[in-house]
Amino acid sequence: MLSPTPRAVHPGAWWLWAIGLAVAVSQTTNPLVLLLAAAALTLVVMARRTDSPWARAFRLYAVLGAVIIAVRLVLHVLVGLKWGEVVILPLPQVALPDWAAGIDLLGDVRLEGLLAALFEGLRLATMILCIGAANALADPKRLLAALPGALQEIGTAIVVAVSVAPQLAESVRRVHRARLLRGDSARGLRAVRRVAMPVLEDTLERSMALAASMDSRGYGRRGTTSPARHRATGALTLSGLLGLAIGSYGLLDASSPDWLGLPLLVVGAALGALGIASGSGAVVRTTYRPSPWRLPETLTTGCGLLAAAAAFASTRWEPGAMTMPLAPIGPPQLPWILTAGLLLATLPAALTPPPALTRDRTRRTTSTAGSHA
């Protein structure tokens with residue numbers, strides 16, 4: 001371990017690591033690779049998460065992934081394209097009116113098409129799990145404080161969006177604990193009706209408290225800037241976003257010209273950086289307990305980016321191993337380059353410092369030690 005002193009890892013490093021894994025997962029439908037990626041995510045989260053509300057939301061993302069897989073299979077049975085040779089569930093086919101031509105309800109469910117729907121749902125569920133891992137490891141408040149000043153408004157919206165699930169999980173936990181203390185052990189639909197309103201009320205109170213605290217600290221207020229600088233900042237930022245979007249499309253589309261890919265992506269990134277730097281100069285703020293960026297953060301980011309690079313390398317050098325053979329059905333192969341990248345992605349579990357103990361966990365540890373003594 002590089003740093004034995006417990007501290008919080010920079011939230012940007014965890015998000016870059018998770019985005020790299022999400023990019024790697026998006027390139028394959030191989031179930032072995034997807035399960036390996038899910039195992040790598042779970043290992044790092046279990047090793048480096050705290051007992052904060054957002055860390056406990058990882059289970060919700062896992063449940064959401066399972067729901068996505070189930071919905072994908074149900075939609076395939078209802079309106080999906082039935083293809084393949086092995087019929088596993090004969091169902092009657094319902095013809096729709098002319099205005100819905102091309103869509104058929106039900107029909108014989110074939111093994112090949114059902115497996116394809118399963119693996120596509122598994123890929124999406126694993127990508128959702130990547131976002132859940134970043135949300136469980138990165139403190140959203142520290143992430144907001146680490147963003148450049150020009151991205152305060154956008155960062156606020158993003159942080160509020162990604163912290164909905166953690167806050168909801170914490171509210172459900174608080175309400176459930178209060179119900180148990182009152183002797184209310186109702187379950188089923190009756191429990192849902194009794195829990196829904198307190199959870200919504202608690203979430204609303206938390207949101208109002210957060211908004212009041214941000215307003216009292218002057219969050220979002222800007223200094224005096226000239227109209228010319230404001231227009232230049234907007235033009236640079238918009239041009240950078242367009243360059244990034246078109247450059248990304250050029251990289252993904254093999255038939256596009258060479259100048260439409262990496263060169264335009266680099267130009268867009270440079271223009272976006274200039275726009276962010278220009279906009280940040282108009283914001284004057286101080287940060288309490290800034291998050292340092294040290295060697296563990298660099299190694300964590302590098303592990304995620306190496307996983308993404310390994311996926312693109314496997315797509316080029318091992319294309320047959322990136323998909324599940326379905327016509328005919330055969331055993332999946334293991335892409336060794338991507339497998340090595342995913343194994344590297346587990347290194348942050350050992351390369352990053354352990355998380356700092358919260359006050360509640362420290363109290364529990366002290367009381368346990370005292371009881372054993």
Side-chain angles (χ1 to χ4, degrees), residues 1-28 30 32-59 61-62 65 126-143 146 162 166 289-314 334-362 364-365 368-369:
M1 186 175 296
L2 296 179
S3 178
T5 304
R7 68 174 179 89
V9 179
H10 195 288
W14 287 126
W15 273 100
L16 291 175
W17 169 80
I19 290 174
L21 282 176
V23 171
V25 167
S26 66
Q27 302 299 312
T28 179
N30 190 322
L32 297 180
V33 176
L34 296 176
L35 294 176
L36 180 61
L41 291 166
T42 305
L43 174 64
V44 176
V45 170
M46 293 296 107
R48 287 297 177 260
R49 72 173 179 176
T50 62
D51 58 352
S52 55
W54 55 85
R56 289 192 292 267
F58 183 72
R59 184 181 302 175
Y61 285 93
T126 310
M127 295 175 66
I128 294 295
L129 202 62
C130 293
I131 304 302
N135 205 0
L137 295 170
D139 187 344
K141 297 178 182 179
R142 287 184 175 270
L143 177 63
V162 301
R289 290 188 305 173
S291 301
W293 188 283
R294 297 172 182 167
L295 182 59
E297 282 79 6
T298 302
L299 294 177
T300 300
T301 303
C303 289
L305 296 180
L306 284 177
F312 287 110
S314 293
L334 195 63
W336 295 109
I337 301 178
L338 181 53
T339 301
L342 293 177
L343 292 178
L344 288 176
T346 63
L347 292 181
L351 297 179
T352 56
L357 294 177
T358 61
R359 189 173 302 174
D360 295 337
R361 185 185 292 183
T362 303
R364 291 196 301 266
T365 304
T368 303

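- Inter-residue side-chain proximity for P335 and T28 is flagged as unmet; no heavy-atom pair is nearer than 4.5 Å.
- Atom CG in L21 sits 11.0 Å away from atom OG in S26 (nearest 0.5 Å).
- Across G341 and A307, no two heavy atoms sit closer than the pair O-CB, 3.8 Å.
- Between L137 and V44 the shortest side-chain heavy-atom distance falls below 4.5 Å.
- Note: L342 CG to S314 OG = 9.0 Å, rounded to the nearest 0.5 Å.
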Check against side-chain contact (heavy atoms from CB on, under 4.5 Å), W15 and I131: CA-CA 8 Å; W15 273 100; I131 304 302; 4.1 Å; yes
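- Atom CG of L32 and atom OG1 of T339 lie 8.5 Å apart (nearest 0.5 Å).
- Between P11 and A138, the closest heavy-atom pair is CB-CB, 3.6 Å.
- The structure places CD of Q27 at 4.5 Å from CZ of F312, a figure rounded to the nearest 0.5 Å.
- The CG atom of L334 sits 7.5 Å away from atom CG of L36, with the distance rounded to the nearest 0.5 Å.
- When every heavy atom of A136 is checked against every heavy atom of F58, the shortest pair comes out as CB-CB, 4.0 Å.
- Across every non-hydrogen atom of E297 and H10, the tightest pair is OE2-N, 3.1 Å.
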L41 vs C130, side-chain contact (heavy atoms from CB on, under 4.5 Å): CA-CA, chis, key distance, verdict: CA-CA 7 Å; L41 291 166; C130 293; 3.6 Å; yes
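- The neighbour count for W336 CH2, taken as heavy atoms of other residues, nucleotides or ligands under 6.0 Å away, does not exceed 12.
- For T126 (side chain) and A38 (main-chain N/O), no donor-acceptor pair under 3.5 Å exists by modelled atom type.
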Stepwise side chain to side chain donor-acceptor pair (under 3.5 Å) check, T301 with W17: CA-CA 5 Å; T301 303; W17 169 80; over 6 Å; no
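- With R48 contributing its side chain and A349 its backbone, the two residues share a donor-acceptor pair below 3.5 Å.
- For the atom pair CG of L129 and CG of L34, the computed distance is 11.0 Å after rounding to the nearest 0.5 Å.
- Side-chain contact annotation: T300 with W14, donor-acceptor N/O pair under 3.5 Å absent.
- The closest side-chain heavy-atom distance from L351 to P296 is not below 4.5 Å.
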